[in-house]
2 protein chains.
Amino acid sequence: MRIGELASQAGVSVRSLRYYEEQGLLTSTRSPSGQRHYTDDEVERVRLIQCLYAAGLSSRTIVEVLPCVDSPSERNSDEAFERLLQERERISRHIDELLQARDALDRLIDVNRAHRAQLTPR
Amino acid sequence: MRIGELASQAGVSVRSLRYYEEQGLLTSTRSPSGQRHYTDDEVERVRLIQCLYAAGLSSRTIVEVLPCVDSPSERNSDEAFERLLQERERISRHIDELLQARDALDRLIDVNRAHRAQLTPR
DNA sequence: CTAAGACCTGACACTGACGTCAGATGCAAG
DNA sequence: CTTGCATCTGACGTCAGTGTCAGGTCTTAG
(Lines give C-alpha, C1' and ligand atoms only; values in the text may rest on other atoms or scores of the structure.)
Protein backbone atom coordinates (compact mmCIF):
# COMPACT_ATOMS: atom_id res chain seq x y z
CA MET A 1 0.00 0.00 0.00
CA ARG A 2 1.17 3.51 -0.70
CA ILE A 3 1.52 6.35 1.73
CA GLY A 4 -1.87 7.94 1.16
CA GLU A 5 -3.62 4.66 1.83
CA LEU A 6 -1.67 4.05 5.02
CA ALA A 7 -2.36 7.59 6.14
CA SER A 8 -6.09 7.25 5.72
CA GLN A 9 -6.22 3.79 7.29
CA ALA A 10 -4.21 4.85 10.30
CA GLY A 11 -5.91 8.21 10.54
CA VAL A 12 -2.82 10.39 10.29
CA SER A 13 -1.48 12.80 7.71
CA VAL A 14 0.90 11.88 4.95
CA ARG A 15 3.23 14.49 6.33
CA SER A 16 3.32 12.72 9.66
CA LEU A 17 4.22 9.39 8.11
CA ARG A 18 7.17 10.92 6.31
CA TYR A 19 8.19 12.52 9.56
CA TYR A 20 7.98 9.20 11.40
CA GLU A 21 10.26 7.66 8.83
CA GLU A 22 12.68 10.53 9.16
CA GLN A 23 12.72 9.94 12.91
CA GLY A 24 13.31 6.23 12.51
CA LEU A 25 9.92 5.10 13.78
CA LEU A 26 8.76 3.61 10.53
CA THR A 27 10.44 2.06 7.53
CA SER A 28 9.22 1.66 4.02
CA THR A 29 10.29 -0.20 0.93
CA ARG A 30 10.67 1.97 -2.09
CA SER A 31 9.41 1.27 -5.56
CA PRO A 32 11.92 1.81 -8.38
CA SER A 33 10.57 5.30 -8.81
CA GLY A 34 11.10 6.09 -5.16
CA GLN A 35 7.56 5.78 -3.86
CA ARG A 36 7.06 4.34 -0.39
CA HIS A 37 5.26 1.05 0.01
CA TYR A 38 3.98 -0.46 3.21
CA THR A 39 2.59 -3.76 4.43
CA ASP A 40 -0.71 -4.04 6.25
CA ASP A 41 1.13 -4.48 9.52
CA GLU A 42 2.29 -0.93 9.39
CA VAL A 43 -1.22 0.30 10.07
CA GLU A 44 -1.05 -1.15 13.55
CA ARG A 45 2.45 0.16 14.03
CA VAL A 46 1.36 3.68 13.15
CA ARG A 47 -1.56 3.38 15.54
CA LEU A 48 0.80 2.34 18.29
CA ILE A 49 3.06 5.26 17.51
CA GLN A 50 0.10 7.61 17.65
CA CYS A 51 -0.93 6.10 20.95
CA LEU A 52 2.51 6.70 22.39
CA TYR A 53 2.59 10.25 21.09
CA ALA A 54 -0.76 10.83 22.71
CA ALA A 55 0.73 9.58 25.95
CA GLY A 56 3.39 12.23 25.76
CA LEU A 57 6.35 10.22 24.51
CA SER A 58 8.65 12.09 22.15
CA SER A 59 9.93 10.67 18.88
CA ARG A 60 13.27 10.15 20.54
CA THR A 61 11.74 8.21 23.39
CA ILE A 62 9.63 6.10 21.07
CA VAL A 63 12.75 5.22 19.10
CA GLU A 64 14.36 4.14 22.33
CA VAL A 65 11.56 1.75 23.27
CA LEU A 66 10.92 0.36 19.82
CA PRO A 67 13.41 -2.48 20.26
CA CYS A 68 10.93 -3.90 22.77
CA VAL A 69 8.31 -3.92 20.04
CA ASP A 70 10.48 -5.20 17.22
CA SER A 71 12.72 -7.69 18.96
CA PRO A 72 11.59 -8.35 22.48
CA SER A 73 13.83 -11.39 22.62
CA GLU A 74 17.05 -9.54 22.04
CA ARG A 75 19.20 -9.27 25.09
CA ASN A 76 20.52 -5.94 23.86
CA SER A 77 17.23 -4.22 24.50
CA ASP A 78 17.98 -3.78 28.17
CA GLU A 79 18.06 -0.03 27.85
CA ALA A 80 14.88 -0.08 25.85
CA PHE A 81 13.16 -2.15 28.49
CA GLU A 82 14.35 0.14 31.25
CA ARG A 83 13.00 3.07 29.29
CA LEU A 84 9.70 1.29 28.88
CA LEU A 85 9.33 0.97 32.64
CA GLN A 86 10.27 4.61 33.13
CA GLU A 87 7.68 5.78 30.66
CA ARG A 88 5.05 3.64 32.28
CA GLU A 89 5.75 5.41 35.55
CA ARG A 90 5.74 8.80 33.92
CA ILE A 91 2.35 8.11 32.42
CA SER A 92 1.03 6.99 35.78
CA ARG A 93 2.22 10.20 37.36
CA HIS A 94 0.65 12.18 34.57
CA ILE A 95 -2.64 10.42 35.10
CA ASP A 96 -2.48 11.41 38.75
CA GLU A 97 -1.91 15.02 37.75
CA LEU A 98 -4.90 14.92 35.46
CA LEU A 99 -7.06 13.39 38.16
CA GLN A 100 -6.03 16.17 40.51
CA ALA A 101 -6.80 18.80 37.90
CA ARG A 102 -10.15 17.21 37.21
CA ASP A 103 -10.94 17.26 40.91
CA ALA A 104 -10.04 20.94 41.03
CA LEU A 105 -12.35 21.61 38.11
CA ASP A 106 -15.09 19.58 39.75
CA ARG A 107 -14.84 21.70 42.87
CA LEU A 108 -15.00 24.84 40.74
CA ILE A 109 -17.98 23.46 38.90
CA ASP A 110 -19.78 22.71 42.16
CA VAL A 111 -19.16 26.17 43.54
CA ASN A 112 -20.37 27.76 40.36
CA ARG A 113 -23.44 25.59 40.18
CA ALA A 114 -24.32 26.59 43.73
CA HIS A 115 -24.08 30.26 42.88
CA ARG A 116 -26.11 29.74 39.77
CA ALA A 117 -28.84 27.99 41.68
CA GLN A 118 -29.13 31.05 43.91
CA LEU A 119 -29.24 33.48 41.04
CA THR A 120 -32.05 31.74 39.23
CA PRO A 121 -34.09 30.08 41.94
CA ARG A 122 -36.71 28.78 39.59
CA MET B 1 5.78 39.70 48.76
CA ARG B 2 7.92 40.28 45.73
CA ILE B 3 8.15 38.16 42.64
CA GLY B 4 11.12 36.06 43.69
CA GLU B 5 9.41 35.07 46.89
CA LEU B 6 6.19 34.13 45.11
CA ALA B 7 8.16 32.15 42.57
CA SER B 8 9.92 30.08 45.20
CA GLN B 9 6.79 29.56 47.28
CA ALA B 10 4.75 28.47 44.29
CA GLY B 11 7.60 26.49 42.76
CA VAL B 12 7.74 28.25 39.43
CA SER B 13 10.21 30.54 37.72
CA VAL B 14 10.13 34.30 37.89
CA ARG B 15 9.90 34.27 34.14
CA SER B 16 6.73 32.24 34.31
CA LEU B 17 5.07 34.67 36.70
CA ARG B 18 5.76 37.59 34.42
CA TYR B 19 4.43 35.55 31.56
CA TYR B 20 1.25 34.75 33.50
CA GLU B 21 0.72 38.43 34.09
CA GLU B 22 1.29 39.18 30.44
CA GLN B 23 -1.36 36.59 29.62
CA GLY B 24 -3.83 38.02 32.09
CA LEU B 25 -3.73 35.10 34.51
CA LEU B 26 -2.23 37.01 37.38
CA THR B 27 -2.26 40.61 38.51
CA SER B 28 0.16 42.46 40.72
CA THR B 29 0.26 45.77 42.48
CA ARG B 30 3.30 47.80 41.66
CA SER B 31 5.52 49.68 44.08
CA PRO B 32 6.37 53.26 43.11
CA SER B 33 9.54 51.99 41.51
CA GLY B 34 7.59 49.51 39.42
CA GLN B 35 8.29 46.31 41.29
CA ARG B 36 5.54 43.74 41.50
CA HIS B 37 3.98 42.91 44.84
CA TYR B 38 1.69 40.03 45.64
CA THR B 39 -0.53 38.89 48.48
CA ASP B 40 -0.26 35.46 50.06
CA ASP B 41 -3.37 34.36 48.19
CA GLU B 42 -1.51 34.51 44.93
CA VAL B 43 0.52 31.48 45.91
CA GLU B 44 -2.56 29.34 45.69
CA ARG B 45 -3.63 31.01 42.51
CA VAL B 46 -0.31 30.25 40.89
CA ARG B 47 -0.54 26.65 42.03
CA LEU B 48 -3.98 26.39 40.47
CA ILE B 49 -2.66 27.86 37.24
CA GLN B 50 0.16 25.33 37.23
CA CYS B 51 -2.30 22.56 37.85
CA LEU B 52 -4.37 23.66 34.88
CA TYR B 53 -1.32 23.95 32.67
CA ALA B 54 -0.34 20.44 33.71
CA ALA B 55 -3.79 19.32 32.65
CA GLY B 56 -3.17 20.67 29.19
CA LEU B 57 -5.10 23.91 29.31
CA SER B 58 -3.55 26.76 27.38
CA SER B 59 -3.14 30.28 28.73
CA ARG B 60 -6.00 31.35 26.56
CA THR B 61 -8.27 28.68 27.94
CA ILE B 62 -7.29 29.40 31.52
CA VAL B 63 -8.12 33.05 30.96
CA GLU B 64 -11.51 31.97 29.71
CA VAL B 65 -12.35 29.93 32.80
CA LEU B 66 -10.89 32.32 35.36
CA PRO B 67 -14.18 34.19 35.79
CA CYS B 68 -15.44 31.03 37.48
CA VAL B 69 -12.61 31.30 39.96
CA ASP B 70 -12.77 35.03 40.55
CA SER B 71 -16.47 35.73 40.44
CA PRO B 72 -18.48 32.56 40.40
CA SER B 73 -21.59 34.54 41.24
CA GLU B 74 -21.55 36.69 38.15
CA ARG B 75 -24.18 35.81 35.66
CA ASN B 76 -21.91 36.92 32.84
CA SER B 77 -19.62 33.96 33.36
CA ASP B 78 -21.86 31.67 31.36
CA GLU B 79 -19.25 31.21 28.68
CA ALA B 80 -16.61 30.60 31.30
CA PHE B 81 -18.75 27.96 32.94
CA GLU B 82 -19.44 26.27 29.64
CA ARG B 83 -15.73 26.23 28.95
CA LEU B 84 -15.12 24.72 32.36
CA LEU B 85 -17.40 21.81 31.55
CA GLN B 86 -15.77 21.34 28.17
CA GLU B 87 -12.32 21.20 29.69
CA ARG B 88 -13.44 18.72 32.27
CA GLU B 89 -14.58 16.46 29.46
CA ARG B 90 -11.38 16.98 27.54
CA ILE B 91 -9.36 15.97 30.58
CA SER B 92 -11.47 12.87 31.04
CA ARG B 93 -10.87 11.87 27.46
CA HIS B 94 -7.19 12.49 27.88
CA ILE B 95 -7.11 10.30 30.96
CA ASP B 96 -8.70 7.54 28.90
CA GLU B 97 -6.01 7.93 26.27
CA LEU B 98 -3.32 7.68 28.88
CA LEU B 99 -4.92 4.59 30.37
CA GLN B 100 -4.97 2.99 26.94
CA ALA B 101 -1.35 3.88 26.37
CA ARG B 102 -0.42 2.50 29.75
CA ASP B 103 -2.22 -0.72 28.94
CA ALA B 104 -0.30 -0.94 25.68
CA LEU B 105 2.95 -0.47 27.55
CA ASP B 106 1.91 -3.05 30.11
CA ARG B 107 1.33 -5.58 27.38
CA LEU B 108 4.72 -4.78 25.90
CA ILE B 109 6.30 -5.10 29.31
CA ASP B 110 4.71 -8.50 29.84
CA VAL B 111 5.86 -9.79 26.49
CA ASN B 112 9.37 -8.59 27.11
CA ARG B 113 9.47 -10.03 30.60
CA ALA B 114 8.42 -13.40 29.20
CA HIS B 115 11.22 -13.36 26.66
CA ARG B 116 13.67 -12.33 29.31
CA ALA B 117 12.67 -15.14 31.57
CA GLN B 118 13.47 -17.59 28.76
CA LEU B 119 16.83 -16.06 28.02
CA THR B 120 18.08 -16.23 31.58
CA PRO B 121 16.32 -19.18 33.11
CA ARG B 122 18.09 -18.82 36.41
C1' DC C 1 -1.77 10.20 -25.18
C1' DT C 2 -3.31 13.18 -21.69
C1' DA C 3 -5.19 15.10 -17.68
C1' DA C 4 -5.81 14.57 -12.87
C1' DG C 5 -4.37 13.31 -8.87
C1' DA C 6 -0.85 10.89 -5.80
C1' DC C 7 3.70 11.13 -4.66
C1' DC C 8 8.61 12.95 -4.14
C1' DT C 9 12.20 16.25 -1.70
C1' DG C 10 13.29 20.35 0.53
C1' DA C 11 12.26 24.15 3.02
C1' DC C 12 9.99 27.51 5.69
C1' DA C 13 6.00 28.69 9.12
C1' DC C 14 3.74 27.99 13.28
C1' DT C 15 2.43 27.44 18.11
C1' DG C 16 3.24 28.17 23.22
C1' DA C 17 5.36 28.20 27.50
C1' DC C 18 9.05 29.24 28.78
C1' DG C 19 14.90 30.07 28.97
C1' DT C 20 18.13 33.42 28.57
C1' DC C 21 20.61 37.56 27.75
C1' DA C 22 21.32 42.64 27.86
C1' DG C 23 21.24 46.85 29.93
C1' DA C 24 19.17 49.57 33.38
C1' DT C 25 17.25 50.44 38.07
C1' DG C 26 15.93 49.26 43.05
C1' DC C 27 17.15 47.97 47.58
C1' DA C 28 19.30 46.22 51.87
C1' DA C 29 23.65 45.53 54.45
C1' DG C 30 28.27 46.79 55.71
C1' DC D 1 28.77 55.22 49.51
C1' DT D 2 29.21 50.87 47.53
C1' DT D 3 28.72 46.27 46.60
C1' DG D 4 25.82 42.73 45.27
C1' DC D 5 21.58 40.69 44.57
C1' DA D 6 16.63 41.30 43.06
C1' DT D 7 13.94 43.30 39.78
C1' DC D 8 12.56 45.73 35.50
C1' DT D 9 11.55 45.72 30.15
C1' DG D 10 12.36 43.99 25.73
C1' DA D 11 13.78 40.78 22.67
C1' DC D 12 15.40 36.72 20.67
C1' DG D 13 16.04 31.44 21.12
C1' DT D 14 14.05 26.79 21.70
C1' DC D 15 11.67 22.48 20.75
C1' DA D 16 8.65 19.22 18.32
C1' DG D 17 5.22 17.76 15.58
C1' DT D 18 2.91 19.14 11.82
C1' DG D 19 0.90 22.40 8.03
C1' DT D 20 1.94 24.12 3.78
C1' DC D 21 4.03 25.58 -0.43
C1' DA D 22 7.00 24.95 -4.55
C1' DG D 23 8.55 22.53 -8.32
C1' DG D 24 9.06 18.20 -10.15
C1' DT D 25 7.91 13.01 -11.14
C1' DC D 26 4.69 8.87 -11.18
C1' DT D 27 0.51 6.49 -11.99
C1' DT D 28 -3.84 5.51 -13.62
C1' DA D 29 -8.38 6.25 -15.87
C1' DG D 30 -10.46 7.59 -19.96
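So that the names make sense, note that chain A is the first sequence line, chain B the second, and so on, each numbered from 1.
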Query raised in the report: Separation of B:I3 atom CD1 from C:dG26 atom P, in whole Å?
Result: 17 Å

Requested in this report: Please figure out whether A:R60 or B:R2 has its closest DNA chain D nucleotide nearer the 5' end.
Outcome: B:R2

Report task. Check every atom of C:dC7, C:dC18, D:dG17 against the side chain of B:S16 and return the nucleotide holding the closest atom. Result -> C:dC18

Query raised in the report: Under the 3.5 Å rule, do the base of C:dT9 and the side chain of A:R18 count as making a donor-acceptor pair?
Result: no

Query raised in the report: Would B:R2 count as a cation-pi partner of B:Y38, with NZ or CZ less than 6.0 Å from the six-membered ring centre and within 45° of the ring normal?
Result: no

Requested in this report: Please state how far atom CD in B:E21 lies from atom P in C:dC18, giving the value in whole angstrom units.
Outcome: 15 Å

Requested in this report: With the side chain of A:S33 defined as its heavy atoms from C-beta on, choose the nearest nucleotide among C:dC18, D:dT27, C:dA17.
Outcome: D:dT27

Requested in this report: Could you state the atom-to-atom distance from CZ of A:R30 to P of C:dC7 in whole Å?
Outcome: 12 Å

Report summary line: Of C:dG19, D:dC8, C:dC8, the nucleotide closest to the side chain of A:R36 is C:dC8

Query raised in the report: Within a radius of less than 6.0 Å around CZ of B:R30, do more than 12 heavy atoms belonging to other residues, nucleotides or ligands occur?
Result: yes

Query - Separation of C:dC18 C1' from B:L25 CG (nearest whole Å) - result: 13 Å

Query raised in the report: Of all the nucleotides listed (D:dT18, D:dC26, C:dG19), which has the minimum atom distance to the side chain of B:R15?
Result: C:dG19

Query raised in the report: Rounded to the Å, how far apart are B:M1 CE and D:dA6 P?
Result: 15 Å

Report task. Please determine, for the side chain of B:Q50, which listed nucleotide (D:dC8, C:dC18, D:dG17) has the closest atom? Result -> C:dC18

Query raised in the report: On DNA chain D, nearest-nucleotide positions of A:S31 versus A:S13: which is more 5'?
Result: A:S13

Requested in this report: Could you check how far CD of A:E22 sits from P of C:dC8, rounded to whole Å?
Outcome: 13 Å

**Report entry** Length of the line joining B:Y19:OH and C:dG19:P, which is rounded to integer Å
**Finding:** 12 Å

Query raised in the report: Should the heavy atoms of other residues, nucleotides or ligands under 6.0 Å from CG of A:D70 be counted, would the total exceed 12?
Result: yes

Requested in this report: Identify whether the distance between the nearest side-chain nitrogen and carboxylate oxygen of B:R18 and B:E22 falls below 4.0 Å.
Outcome: no

Report task. Between D:dG17, C:dC8, D:dC8, spot the one nearest the side chain of B:Q35, thanks. Result -> D:dC8

Report task. Report the distance from atom OH of B:Y53 to atom P of C:dT15, rounded to the nearest whole Å. Result -> 16 Å

**Report entry** Phosphate OP1/OP2 of C:dC18 contacted by B:Y20 side-chain N/O (<4.0 Å)
**Finding:** yes

Requested in this report: Salt-bridge test for A:D78 and A:R83: reply yes if a basic N is under 4.0 Å from a carboxylate O, no otherwise.
Outcome: no

